[in-house]
There are 2 protein chains.
Amino acid sequence: MHILIDNKSGTPIYDQIYSQIKSQIISGELQENEMLPSIRGLAKDLRISFITTKRAYDELEKEGFLYTIPAKGCYVAPKNVELLREETLKKIEDHIDQILKLAASCNLSKDDIVSMILFAMEGQE
Amino acid sequence: MHILIDNKSGTPIYDQIYSQIKSQIISGELQENEMLPSIRGLAKDLRISFITTKRAYDELEKEGFLYTIPAKGCYVAPKNVELLREETLKKIEDHIDQILKLAASCNLSKDDIVSMILFAMEGQE
DNA sequence: TAACTGTGTATAATGCAGATATACAGTTTA
DNA sequence: TAAACTGTATATCTGCATTATACACAGTTA
């Protein structure tokens, strides 16, 4: 498994680990029931405390992306991932609805909104 | 002027003052160029430091809801449509940020998002 | 001049976030 | 069975941002 930690980026270490594993699970790069690296082993690789890797794993477990068998290891959860994706899509749609209402209230055109979004995207990456 | 401070609520005092005055300005309860209570007077009424009321006023001024004449007082700014428009734009930007975070969490591409938005727009009108 | 107005700088208190060490308990394996 | 691994639980340290504050200052008014 590949995890890259960027110390310069403002985002906390546990968060970087969390995000990278999460996207690897969602993308299928990590398969169902596949064993993840142990929190200690990964911590050793990354030269950080295992408490930090544990925190990342805890987050992922709380959201249902992995399950843990104490004293054995952590495993990629079976794909209710699709479900989570659906939920995320719904949330996005809700936000879009909010945006459209706000836009209507101050006479913003569709093009205006699209260009706002494109601009925000460029700023992000 | 009526301001109620709820010490039990988690929101900071300066924020409660800010919100209440702002909505009174927007609703028209406070009229254009009307003089607001002095930061010291209001602070005395509420039994807090005047620095706290000042902070609320500073926020409101920064957003253009009031203007200040040093050594005289603070006054309700003339109602500005542009101002409300700016506020709306900020809200929209917040929603966009949320969307981009959600999209990243399930590996949605930019194109996916744009087409979701275009689809929602067609559906609306 | 006394009593008011807002301003600016500096500071205390508080809480939260990030990262950690250490001691613990169960499982595997040699 | 002992060594080496797995994850767990508790307590702590540090740094930073937020909240709220005091006080000395400067202009206005009556």
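Throughout, protein chains are lettered first and strands after them, A, B, ... in sequence-line order, and every chain is numbered starting at 1.
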Provide, to the nearest angstrom, the distance between the [atom1] atom belonging to [X] and the [atom2] atom belonging to [N].
X	N	atom1	atom2	answer
Y18(A)	dA19(C)	OH	P	16 Å
R55(A)	dA9(D)	CZ	C1'	16 Å
Y14(B)	dA13(C)	OH	P	21 Å
R40(A)	dA23(C)	CZ	C1'	11 Å
L46(A)	dT20(C)	CG	C1'	15 Å
D15(A)	dG18(C)	CG	C1'	11 Å
I5(B)	dT19(D)	CD1	P	14 Å
I69(B)	dT28(D)	CD1	C1'	11 Å

OP1 or OP2 of [N] less than 4.0 angstrom from a side-chain nitrogen or oxygen of [X], does that happen here?
X	N	result
T52(A)	dG18(C)	no
S38(B)	dC4(C)	no
K54(A)	dG7(D)	no
K72(B)	dT29(D)	yes
T68(A)	dG7(D)	no

(request) Before accepting this row, confirm whether a basic side-chain N of the pair E59(B)/K62(B) lies closer than 4.0 Å to the acidic partner's carboxylate O. (result)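 The answer is yes: the pair qualifies as a salt bridge.
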(request) Using a strict cut-off of less than 4.0 Å between a Lys/Arg side-chain nitrogen and an Asp/Glu carboxylate oxygen, indicate whether K54(A) and D58(A) qualify as a salt bridge. (result)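 The answer is yes: the pair qualifies as a salt bridge.
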(request) Mind checking the CD-OH spacing from E61(A) to Y67(A)? Nearest 0.5 Å is all I need. (result)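 Result: 11.0 Å between the selected atoms.
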(request) Please round to the nearest 0.5 Å and tell me the distance separating atom NE2 of H95(A) and atom CG of L102(B). (result)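 H95(A) atom NE2 to L102(B) atom CG measures 5.5 Å (nearest 0.5 Å).
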(message) Under 4.0 Å, counting only non-hydrogen atoms across every strand here, what does F50(B) touch: a base, just sugar-phosphate, or nothing?
(response)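 F50(B): base contact, heavy atoms under 4.0 Å.
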(request) Find which nucleotide of DNA chain C each of I48(A) and I51(B) is nearest to by heavy atoms, and output the residue with the more 5' nucleotide. (result)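 Result of the comparison: I51(B).
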(message) By nearest heavy atom, map R47(A) and P70(B) onto DNA chain C; which one lands nearer the 5' end?
(response)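 Looking at DNA chain C, the more 5' nearest nucleotide goes with P70(B).
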(request) Go through the steps for I117(B) and I99(A) under the test side-chain contact (heavy atoms from CB on, under 4.5 Å), then give the verdict. (result) CA-CA 10 Å; I117(B) 290 166; I99(A) 288 176; over 6 Å; no
